[in-house]
Number of protein chains: 2
Amino acid sequence: MKHKSIITADDHPLLLKGLNDFLIEKGYNIVGCGANGREAYNLITKLKPDIAILDIQMPFMSGLEIAKKCKTNGISTKIVLITIHKEKELYNKAQELNIFGYILKEFAIEEIENCITTVSEGQPYFSQKIKDMLNTNSADDEALNVLTPSEKKILKLIARDKTNKEIASLLFISYRTVEKHRSNIINKLKLEPKTNSLLSWAKEHHDKLQ
Amino acid sequence: MKHKSIITADDHPLLLKGLNDFLIEKGYNIVGCGANGREAYNLITKLKPDIAILDIQMPFMSGLEIAKKCKTNGISTKIVLITIHKEKELYNKAQELNIFGYILKEFAIEEIENCITTVSEGQPYFSQKIKDMLNTNSADDEALNVLTPSEKKILKLIARDKTNKEIASLLFISYRTVEKHRSNIINKLKLEPKTNSLLSWAKEHHDKLQ
DNA sequence: GGTGAAATACGTGTTAACACGTAATTAGCT
DNA sequence: AGCTAATTACGTGTTAACACGTATTTCACC
């Protein structure tokens, strides 16, 4: 298992060093490492490693973009993302691309060996800790699924500080329709009956609105 | 210089490993390291190191809290904070406490040796990169300084979804006064003349409101 | 080809958040 | 003691964001 070739990449030099040192001490076969997304992608195309352990957030190219390009270019390197992001959105996106692993940096040391082992065998590995977190924190996410497509579209515009009339213009509908949607959204989300509870909610959850 | 005793602490195991490995390779005298704020503080009180390199965001006790306790307890350990936070607020707080250094994790490897050298000589070291960033990114921060204490207090409550009447009750003043403050804040911040521009602004900048 | 959900829209009314002007009181500073 | 900024407060008016009910059209789906 430890003969599998691995490359690593993170724009965080200290973290990259920590990761490399750890894996080398454990006897893994690190064949390269990059300081940003572009370097990482170049390494992958050149070395065609078995596994690439990548940060999501990197300059020039994100871990997700790298995964996408690998998929379209038919590179069989198995991508493992290692990140601080706990957002469900990213987690879902990761599962859609051919990503084999997703680890949180907080628990990297405990989980990374398990992850590499599992991924080496061709099985995906998604941190249990992430699953736990997403489950405990998904009340609002579920609420979002109650909304219809139009309602979601309007919510996004509300989060961008658009007034009802502006939204109406943008969507070529009456501002009264927007008002009605707004009212319906408040009902569905069961927001407290305050004047600006909807704007407030939209602002607080704007990261989940796309 | 390299004989100075140093302890490190970060709740991020990989990063902590990267930091320790790096410093040890460079020949520094690492006498201990902690995985969270409490461990870090215990190490400091026990070992009284010359320098403590701490993350800001840690469980149980933040780097800032540790600095504060060291100050009140008369411990002369020089605190260096190493963080991903680019917020001016934290930077300012750091300068108020007896903190000797402030480094961004992104540039840690380039700057940490300089920092340790400078701090060892009893001089404070604050990353030039932070200063650059704060200057380019401080339009809103400066705007905040235009506000009076009462106005800031009200802004915080607005960001917490309080209505004018609720704020009035909380502060034992008339809701008309709150309205006036609100109007004045909008003028000072030069917000666009929209109905909820203030709530919107407060929500977007609530992290800078304390 | 009917049925239900979604999208569209209006009538009517209430309220919170503003604008703009004015003004009294308080607090800090010299 | 005197000056300035801050805080407090009201009058008056406008508008955006709601609530609640109702009604038509569109569309997917069986």
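Here is the naming used below: chain letters follow the sequence lines, and residue numbers restart at 1 for every chain.
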- Nearest-angstrom distance from the residue atom CG of A:Asp161 to C1' of D:dA16: 14 Å
- Task: Look at the side chain of A:Arg176 and the base of C:dT12, then say whether one donor and one acceptor between them are separated by less than 3.5 Å.
- Result: yes
- Just how far, in rounded Å, is C1' of D:dT15 from CD of B:Glu179? 13 Å
- Query: Looking at D:dA16, C:dA16, C:dT8, which one has an atom nearest to any side-chain atom of A:Lys180?
  - Reply: C:dT8
- Task: Looking at every strand, decide which applies to B:Leu199 at a 4.0 Å heavy-atom threshold: base, sugar-phosphate, or nothing.
- Result: nothing
- At under 4.0 Å, does any side-chain N or O of B:His181 touch on OP1 or OP2 of D:dT8? yes
- Which whole-number value in Å describes the distance from A:Asn196 CG to D:dA16 P? 13 Å
- 5' precedence on DNA chain C between B:Ile186 and A:Ser174 (nearest-nucleotide basis): A:Ser174
- Query: Just one of A:Ile56, A:Leu104, A:Ile103, A:Ile53 clears the side-chain contact (heavy atoms from CB on, under 4.5 Å) bar with A:Leu81, so which one?
  - Reply: A:Ile56
- Query: Starting at CD1 of B:Ile167 and ending at C1' of C:dC18, how long is that distance when rounded to a whole Å?
  - Reply: 14 Å
- Message: Heavy atoms from C-beta onward define the side chain here; which of D:dT8, C:dA17, C:dA16 lies closest to that of B:Ile173?
- Response: D:dT8
- Under 3.5 Å, is there a donor-acceptor pair linking the side chains of B:Asp50 and B:Ser5? yes
- Task: May I have the step-by-step check of salt bridge (Lys or Arg N to Asp or Glu O under 4.0 Å) for A:Lys203 and B:Asp161, ending in yes or no?
- Result: CA-CA 11 Å; A:Lys203 282 283 176 186; B:Asp161 301 330; over 6 Å; no
- Query: Closest to the A:Ser150 side chain: C:dA7, C:dA19, D:dA19?
  - Reply: C:dA7
- Counting primed atoms, P, OP1 and OP2 as sugar-phosphate and everything else as base, the B/S/- map of nucleotides 24-30 of chain D against protein heavy atoms under 4.0 Å is -------
- Message: Any base atoms under 4.0 Å from B:Pro149, or only sugar-phosphate, or nothing? Heavy atoms, all strands.
- Response: sugar-phosphate
- Would A:Asn196 and B:Asn196 count as having a side-chain donor-acceptor pair, cut-off 3.5 Å? yes
- Item | Separation of D:dA17 P from A:Ile154 CD1 (nearest whole Å) | 12 Å
- Message: Just the rounded figure in Å: distance from C1' of D:dC18 to OH of A:Tyr175.
- Response: 12 Å
- Task: For B:Asn20 and B:Tyr28, test the side chains for any donor-to-acceptor distance below 3.5 angstrom and give the result as yes or no.
- Result: no
- Regarding B:Glu166 and B:Ser169, is there a side-chain donor-to-acceptor distance under 3.5 Å anywhere? no
- Expressed in angstrom and rounded to an integer, what is the separation of B:Lys194 atom NZ from C:dC18 atom P? 13 Å
- Query: Does a side-chain N-to-carboxylate-O contact under 4.0 Å join A:Lys4 and A:Glu121?
  - Reply: no
- Check whether any side-chain N or O of B:Asn164 sits under 4.0 Å from OP1 or OP2 of C:dA17, and answer yes or no. yes
- Comparing A:Asn187 and B:Asn184 on DNA chain D - which has the more 5′ nearest nucleotide: B:Asn184
- Task: Round to the nearest Å and state the distance from B:Trp201 atom CH2 to C:dA17 atom C1'.
- Result: 18 Å
- Query: How far apart are the C-alpha atoms of B:Asp10 and B:Lys105, what are their side-chain angles, what is the distance that settles it, and do they pass the salt bridge (Lys or Arg N to Asp or Glu O under 4.0 Å) test?
  - Reply: CA-CA 11 Å; B:Asp10 200 309; B:Lys105 282 182 181 171; 3.4 Å; yes
- Task: Would you tell me if any nitrogen or oxygen in the side chain of A:Thr148 comes within less than 4.0 Å of OP1 or OP2 on C:dA7?
- Result: yes
- Under 4.0 Å between any heavy atoms, over every strand shown, what does B:Thr177 touch: base, sugar-phosphate, or nothing? Just pick one. base
